[in-house]
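By convention in this document, chain letters (A, B, ...) are assigned in the order of the sequence lines, proteins followed by strands, and residues within each chain are numbered from 1.
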Protein chains: 2
Amino acid sequence: MNEATPGTVRPGGRTARVREAVLRAAGDALVEQGFGGVDLAEVARRAEVGKTTVYRRWGTVPALVADMLAEMAESSRPRADTGSLDGDLEALAALILATLTDDRQGPLFKAVIAAATGDAPTAEALHRFYRVRIAEWAPCVDLAVERGEVPAGTDPAEVVRCLSAPLYYRLLASGDPLDRDAAKRAAAAAAAAARAGVFADPPDVSAPKA
Amino acid sequence: MNEATPGTVRPGGRTARVREAVLRAAGDALVEQGFGGVDLAEVARRAEVGKTTVYRRWGTVPALVADMLAEMAESSRPRADTGSLDGDLEALAALILATLTDDRQGPLFKAVIAAATGDAPTAEALHRFYRVRIAEWAPCVDLAVERGEVPAGTDPAEVVRCLSAPLYYRLLASGDPLDRDAAKRAAAAAAAAARAGVFADPPDVSAPKA
DNA sequence: TTCATAACGGGACTCCAGTTGCGTTAACGA
DNA sequence: TCGTTAACGCAACTGGAGTCCCGTTATGAA
């Protein structure tokens, strides 16, 4: 009665091709229609795959998105190493900006985040994705600590989040312009806060004086 | 052939009651099911209102959410005035934290933002909502400028966004803990960046040195 | 190569979200 | 108070998303 999750026992050949086609079709549909406008029947048609297959293997749109996120977490973007914290953070901000304003990736991220708001496993997959991305760029901050640019004990993840957040906030919530200036301010703000010791490890969170 | 949007010509009595009941039912449904799990037929049932009415007057879930947002933009939250920028920003961060972690408001904000990702008018309503909220708290920064805490020309909206963003980022994207520490760090980071002149008006965006 | 079976696909079926038509109620102006 | 008609509600209808059954394909192990 307990059947294994489809795709985990025979992941080769046909199964892999089906998964690839379905994920691509799902991505296209999400970009064009947004999260609310996509259903599995349409994804199956686009992927030229049996409707039954899609329903059996994924079942819901958020579950399909969760699988996409697992795939996305694999593809690693190289971090910058410009020799200074400001340079590295500006490079990261520029990368995020380019991603979120991209004609395909921007709408895709919107749709993926929308899907994650209503489904716990999808949310978990999304969190994993960002954990990976944040960890990839953490060394920039570690190097800055070694160089003495920021206090010892500065939490790299906090710095990266502080930089990313304003750009996502514009994309999802406020709708304010998502341009080079916004990216530069985000990078500068994260750097300034890090230098001021806001992200240093002792819970000395009370705003330090300049 | 062109009929006026329902509710705009006779907004009194029955129409107002219907709108109220539908918006409340829609809010409940969004909180419980999330954006993806709500349809207008169910909302009509919950509101004990004719299905036809809901479809004629709103037509889609995002349109209904847009109407909710117009309502939400009305209810104004008073800003703090503690006498210092740090105090005011901490109060704002605490308010946002309380909202996003509230059992009803948290899920509601998630659902509303999800709805806005796929529908331009709803997104516009959301942006208006945040424009109002940000403008309400801008005086904190203006006062700080007068007190000499931050450079003249500091953009109040930028400061408020810089503070809000990390909390929304946690709620929607990274899933990192949304607690008092996070709120305090967000406030401290915004204050530090503002003091460093990151949000001052001349496009001197290149990170200033401490 | 052969075999057992995991995974896919076609097609019929169900169910309900969304539409339509029309009669009823009540808001608002005179 | 009365009449017009905006707005609501009921009931019948429709289309397609999601389910189920069963036959087919081709993977992976021996």
Side-chain angles (χ1 to χ4, degrees), chain A residues 1-26 28-30 32-67 111 115 118-119 122, chain B residues 1-26 28-30 32-67 111 115 118-119 122:
Chain A
M1 32 204 70
N2 265 335
E3 60 207 42
T5 307
T8 56
V9 179
R10 280 187 187 176
R14 180 170 63 167
T15 298
R17 275 195 305 278
V18 166
R19 175 165 183 255
E20 203 177 347
V22 169
L23 290 187
R24 186 153 26 81
D28 291 346
L30 285 170
E32 291 168 27
Q33 325 261 339
F35 166 63
V38 174
D39 59 287
L40 298 190
E42 186 198 352
V43 170
R45 275 193 299 274
R46 282 182 184 244
E48 293 178 307
V49 153
K51 192 168 60 159
T52 318
T53 300
V54 177
Y55 279 103
R56 228 196 329 254
R57 191 149 164 205
W58 291 280
T60 66
V61 174
L64 190 46
V65 171
D67 200 15
D119 184 74
T122 306
Chain B
M1 34 201 71
N2 264 336
E3 60 207 43
T5 308
T8 56
V9 178
R10 282 186 188 177
R14 181 170 62 167
T15 297
R17 276 196 303 278
V18 166
R19 175 164 183 255
E20 205 177 345
V22 170
L23 290 187
R24 185 153 27 79
D28 291 345
L30 286 170
E32 291 169 26
Q33 324 262 338
F35 166 64
V38 174
D39 58 285
L40 298 191
E42 187 198 352
V43 170
R45 274 191 300 273
R46 283 182 183 245
E48 292 177 308
V49 152
K51 192 169 62 160
T52 319
T53 300
V54 178
Y55 279 103
R56 233 197 321 259
R57 190 148 165 208
W58 290 279
T60 67
V61 175
L64 190 45
V65 171
D67 201 15
D119 183 73
T122 306

S.K.: Any heavy-atom pair between the side chains of B/Leu23 and B/Leu64 that's under 4.5 Å?
M.R.: yes

S.K.: Enter the distance from B/Asp39:CG to B/Arg45:CZ here, rounded to the nearest 0.5 Å.
M.R.: 6.5 Å

S.K.: Quick check: do B/Val22 and B/Trp58 have side-chain heavy atoms less than 4.5 Å from each other?
M.R.: yes

S.K.: Expressed in angstrom and rounded to an integer, what is the separation of B/Arg14 atom CZ from D/dC8 atom C1'?
M.R.: 4 Å

S.K.: From CZ of B/Arg17 over to C1' of D/dA7, roughly how many Å is that when rounded to an integer?
M.R.: 12 Å

S.K.: To the nearest Å, give me how far apart CH2 (B/Trp58) and P (D/dA7) are.
M.R.: 12 Å

S.K.: Does a side-chain N or O of A/Arg56 approach OP1 or OP2 of C/dA7 to a distance below 4.0 Å, or not?
M.R.: no

S.K.: Rounded to the nearest 0.5 Å, what separation is found between the CZ atom of A/Arg56 and the OG1 atom of A/Thr52?
M.R.: 6.0 Å

S.K.: Map B/Leu40 and B/Pro11 onto DNA chain C by nearest heavy atom, then report which one ends up closer to the 5' terminus.
M.R.: B/Leu40

S.K.: Which whole-number value in Å describes the distance from B/Leu64 CG to C/dG18 P?
M.R.: 12 Å

S.K.: Could you tell me the separation between the CZ atom of B/Arg57 and the C1' atom of D/dG9, rounded to a whole number of Å?
M.R.: 14 Å

S.K.: Taking only residues two or more places apart in sequence or in another chain, which ones pass side-chain hydrogen bond (donor to acceptor under 3.5 Å, both in side chains) with A/Glu32?
M.R.: A/Arg46

S.K.: Nearest whole angstrom, please: distance from the P of C/dA17 to the CG of A/Asp39.
M.R.: 15 Å

S.K.: Would you call A/Asp67-A/Arg19 a salt bridge at under 4.0 Å N-O?
M.R.: yes

S.K.: On DNA chain C, does the nearest nucleotide to A/Val18 precede the nearest nucleotide to B/Thr15 from the 5' side, or the other way round? Give the residue.
M.R.: A/Val18

S.K.: Which residues, if any, of residues 45-54 of chain B bring a heavy atom under 4.0 Å of DNA chain D?
M.R.: B/Val49, B/Gly50, B/Thr52, B/Thr53

S.K.: Heavy atoms, side chains only, cut-off 4.5 Å: are B/Asp28 and B/Val43 in contact?
M.R.: no

S.K.: Please determine if a side-chain N or O atom of A/Tyr55 lies less than 4.0 Å away from the OP1 or OP2 oxygen of D/dG18.
M.R.: yes

S.K.: How would you label the contact of A/Gly7 with the nucleic acid (heavy atoms, under 4.0 Å): base, sugar-phosphate, or nothing?
M.R.: sugar-phosphate

